[in-house]
Amino acid sequence: MQTERVRVGVIGCGTVAQIMHLPYLRDLSDHFEIAALGDLSPGLLDHVGERYAVPASRRFTDHRALLDTDVDAVLVLSGGSHAPQVLAAAEAGKHVFVEKPLCFTLREADLIDKAVARAGVCLMVGYMKRFDPGFRWGQRLVGAVDDARFIQIDTLHPSEDQYIDIHGVRRFDDVPREVARREHRVAEELLDEAVGAVSDALRFVYHDVFLGSMVHDINALRALVGAPEDVLFTDIWPPDSRFPSVNTVLRHSGELRTSYTWTYLDHVRDYFEEIAVFSPTQRVRIQFPSPFLKHWPTPVVAQSMEDGAHVEKRVQVSYDEAFREELRAFHSCVTEGAPVLTDVQDARADIALLQQVFARSGVRGLGGEAARYR
């Protein structure tokens, strides 16, 4: 049976679009047609449009014009909060794949949830780790652990440029000044609404570190063992750095606790990310590669005792790329009505938990939505 081809418009042609989504959309040409492109940068639009054979008449600097075309679905891959593009897409009756974070505030998430339900379209949030074959293997192992005591999450995050540069990502400094000022003003207003009058450095940490990176581990943690019941402790240090370390302790039901450390260590090009689940009888470690490397496997290490001997099994499930697998899943949602694994409510729960983690650090000037968790 012939696969139904979905005509997609890509809104935002920056780093993640150039490295992952656009190449895999082209690879999955029996599933998708890249039918339109949108970006605030005219130069980037022309560069990407030529590379992917999208005619000039279907390249747009205004996402609303793209939504007036005959595309079936859009990929929202732009920076900042994605709420304006997602809301407009839903109102236009387009299915939506949107990169994380879905948005900056809980209010926006609630508006999106209502808009998607009203329009009857599907929306998938781009948590690619949930579609990683290694993660799914580890998830089954963790599901069989009935006495988990402790979870340790560690992310050692080097400079992204060391990874991005190998892909030849193109950037253009040609966004009109007034457009750039407007986008900055909107982002600042949303950060006021989310976390209040904290320092500029901590506002950056909230949207770039918490919602830009930590959100992946929080989402994966919730998928493995469910949402924690409380945040016991958070420390962010140095206090006014845009490139900080973060440690938080989360309390789950029963005796289970999670300790999560995210730290920026820029110069050593060795990205490290692990979610480890420990019980008195079993240990499961899920080890993610850098998200900027393609087709690197996610090893899973399982440890236990058998007949008095310590046994360790290391599994590399496949070289299938998580970004590619989530696009396949999105296609199934659009064409077959398959359930959406990472929906609006899933993303909203992550934002709420990360606001609580941020608030429990006791940062000066905390306000907005996060203040309710102080």
Side-chain angles (χ1 to χ4, degrees), residues 15-16 99-102 104 125-130 132 135 138 150-164 191 194-195 198-225 227-228 230-252 256-278 285-293 298 322 347 349-363 366 370 373:
T15 298
V16 71
E99 262 297 345
K100 57 77 202 164
L102 172 62
F104 284 4
V125 182
Y127 291 111
M128 81 288 186
K129 287 179 169 57
R130 296 284 294 280
D132 185 303
F135 175 77
F150 174 59
I151 298 174
Q152 178 70 53
I153 306 177
D154 289 299
T155 300
L156 308 182
H157 200 300
S159 167
E160 292 179 352
D161 288 344
Q162 301 174 81
Y163 292 94
I164 292 172
L191 289 171
V195 296
V198 298
S199 69
D200 287 345
L202 285 170
R203 291 160 77 86
F204 179 85
V205 168
Y206 172 74
H207 76 75
D208 194 74
V209 176
F210 277 61
L211 297 184
S213 181
M214 291 174 63
V215 70
H216 276 299
D217 288 321
I218 290 296
N219 185 266
L221 174 70
R222 291 178 45 254
L224 290 172
V225 298
D230 196 10
V231 178
L232 301 180
F233 166 85
T234 302
D235 190 20
I236 303 173
W237 78 98
D240 287 314
S241 172
R242 289 172 175 250
F243 306 102
S245 296
V246 181
N247 179 249
T248 188
V249 178
L250 313 175
R251 179 177 63 80
H252 302 261
L256 180 62
R257 302 288 186 274
T258 291
S259 177
Y260 178 16
T261 300
W262 187 103
T263 188
Y264 185 80
L265 304 167
D266 54 347
H267 292 304
V268 179
R269 192 175 60 246
D270 183 19
Y271 182 94
F272 179 84
E273 183 177 6
E274 178 183 81
I275 301 179
V277 179
F278 304 106
R285 300 175 181 270
I286 305 171
Q287 300 170 337
F288 297 103
S290 166
F292 297 110
L293 298 177
T298 294
D350 294 331
I351 296 168
L353 179 53
L354 284 166
Q355 286 189 358
Q356 187 175 3
V357 171
F358 189 84
R360 291 296 166 84
S361 68
V363 296
L366 184 72
Y373 302 114

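Keep in mind that this is a model prediction, so the values were computed, not measured.
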Looking at Ala370 and Ala359, what are the two nearest heavy atoms and their distance?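 Answer, listing the atom of Ala370 first, then Ala359: O-CB, 3.4 Å.
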
Rounded to the nearest 0.5 Å, how far does CZ of Arg269 lie from CG of Asp161?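 If we round to the nearest 0.5 Å, Asp161:CG and Arg269:CZ are 12.5 Å apart.
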
Would Asp266 and Gln162 count as having a side-chain donor-acceptor pair, cut-off 3.5 Å?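 On atom types as modelled, these side chains do not qualify, holding no pair under 3.5 Å.
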
From CG (Leu191) to CG (Leu202), nearest 0.5 Å: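 Leu191 atom CG to Leu202 atom CG measures 11.5 Å (nearest 0.5 Å).
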
Minimum heavy-atom distance Arg222-Ala227, with the two atoms named: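 So the minimum-distance heavy-atom pair works out to CG-CA, 4.0 Å.
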
Would you check if Leu232 and Arg257 make a side-chain contact, meaning some heavy-atom pair closer than 4.5 Å?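 Yes, their side chains come closer than 4.5 Å.
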
Qualifying residue for side-chain contact (heavy atoms from CB on, under 4.5 Å) with Tyr260, from Asn247, Val246, Thr248: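 Output: one option passes, namely Thr248.
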
Residue pair Ile236 / Phe358, side-chain heavy-atom distance below 4.5 Å: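 Ile236 vs Phe358: side chains touch.
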
To check you understand the geometry: which heavy-atom pair defines the closest contact between Ala276 and Arg285, and what is its length?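 Heavy atoms of Ala276 and Arg285 come nearest at CB-CG, 3.9 Å.
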
Gap separating the OH atom of Tyr127 from the CG atom of Asp350, nearest 0.5 angstrom: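 Rounded to the nearest 0.5 Å, the OH-CG separation comes to 3.5 Å.
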
Where does the angle between the aromatic ring planes of Phe278 and Phe150 fall among parallel (under 30°), tilted (30 to 60°) and perpendicular (over 60°)?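 Because their plane-to-plane angle is under 30°, the rings of Phe278 and Phe150 count as parallel.
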
Please find the pair of heavy atoms, one from Met128 and one from Pro291, that lie closest to each other, and give the distance.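 The answer is CE-CB, 3.6 Å.
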
Minimum side-chain heavy-atom gap Phe288-Glu274 below 4.5 Å: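 With C-beta onward as the side chain, the pair stays apart.
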
When you measure from the side chain of Ser290 to the backbone of Phe292, do you find a donor-acceptor pair of N or O atoms at a distance under 3.5 Å?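 Such a contact is found between Ser290 side chain and Phe292 backbone.
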
Name every donor-acceptor pair, under 3.5 Å, that has one atom in a side chain of residues 203-215 and the other anywhere in the protein, sequence neighbours excluded.
residue : atom : partner : partner atom : Å
Arg203  : NE   : Glu188  : OE1          : 3.2
Arg203  : NH1  : Asp192  : OD1          : 2.9
Arg203  : NH1  : Gly196  : O            : 3.0
Arg203  : NH2  : Glu188  : O            : 3.0
Arg203  : NH2  : Glu188  : OE1          : 2.8
Arg203  : NH2  : Asp192  : OD1          : 3.1
Tyr206  : OH   : Phe104  : O            : 2.8
Tyr206  : OH   : Gln355  : NE2          : 3.3
Ser213  : OG   : Trp262  : NE1          : 2.9

Do the side chains of Leu250 and Val357 get nearer than 4.5 Å, heavy atoms only?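 When only atoms from C-beta onward are counted, Leu250 and Val357 do touch, with a gap below 4.5 Å.
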
Side chains of Pro238 and Phe243: does their closest heavy-atom pair fall under 4.5 Å?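 Answer no - side chains too far apart.
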
Working to the nearest 0.5 Å, report the span between CG of Asn219 and NZ of Lys129.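 Separation between the atoms: 10.0 Å.
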
So does Tyr271 get a backbone contact from the side chain of Tyr163, meaning a donor-acceptor N/O pair under 3.5 Å?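 Yes; judged by distance alone, with no hydrogens or angles, the pair exists.
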
Least distance between heavy atoms, Phe135 atom then Ala223 atom: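 Residues Phe135 and Ala223, closest heavy atoms: CZ-CB, 4.1 Å.
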
4.5 Å side-chain heavy-atom contact, Val231 and Leu353: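 Touching, per the 4.5 Å side-chain cut-off.
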
So do the side chains of Arg251 and Pro228 get within less than 4.5 Å of each other, counting heavy atoms only?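 They are not in side-chain contact.
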
A side-chain contact here means heavy atoms from C-beta on lying under 4.5 Å apart; do Ile275 and Leu224 qualify?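 Touching, per the 4.5 Å side-chain cut-off.
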
Verify the distance criterion only: is there a donor paired with an acceptor across the side chains of Ser361 and Thr234 at less than 3.5 Å?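 No, because no side-chain N or O of Ser361 sits under 3.5 Å from a partner of the opposite role on Thr234.
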
Say you draw a straight line from OG1 of Thr155 to NE2 of His216; how long is it, rounded to the nearest 0.5 Å?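 So the gap between those two atoms works out to 10.5 Å.
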
Nearest 0.5 Å please: distance from the CG atom of Leu221 over to the CD1 atom of Ile153.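 Answer rounded to 0.5 Å: 4.5 Å.
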
Minimum heavy-atom separation for Tyr264 to Pro158, with atom names?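 Shortest heavy-atom separation between Tyr264 and Pro158 comes out as CE1-O, 3.9 Å.
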
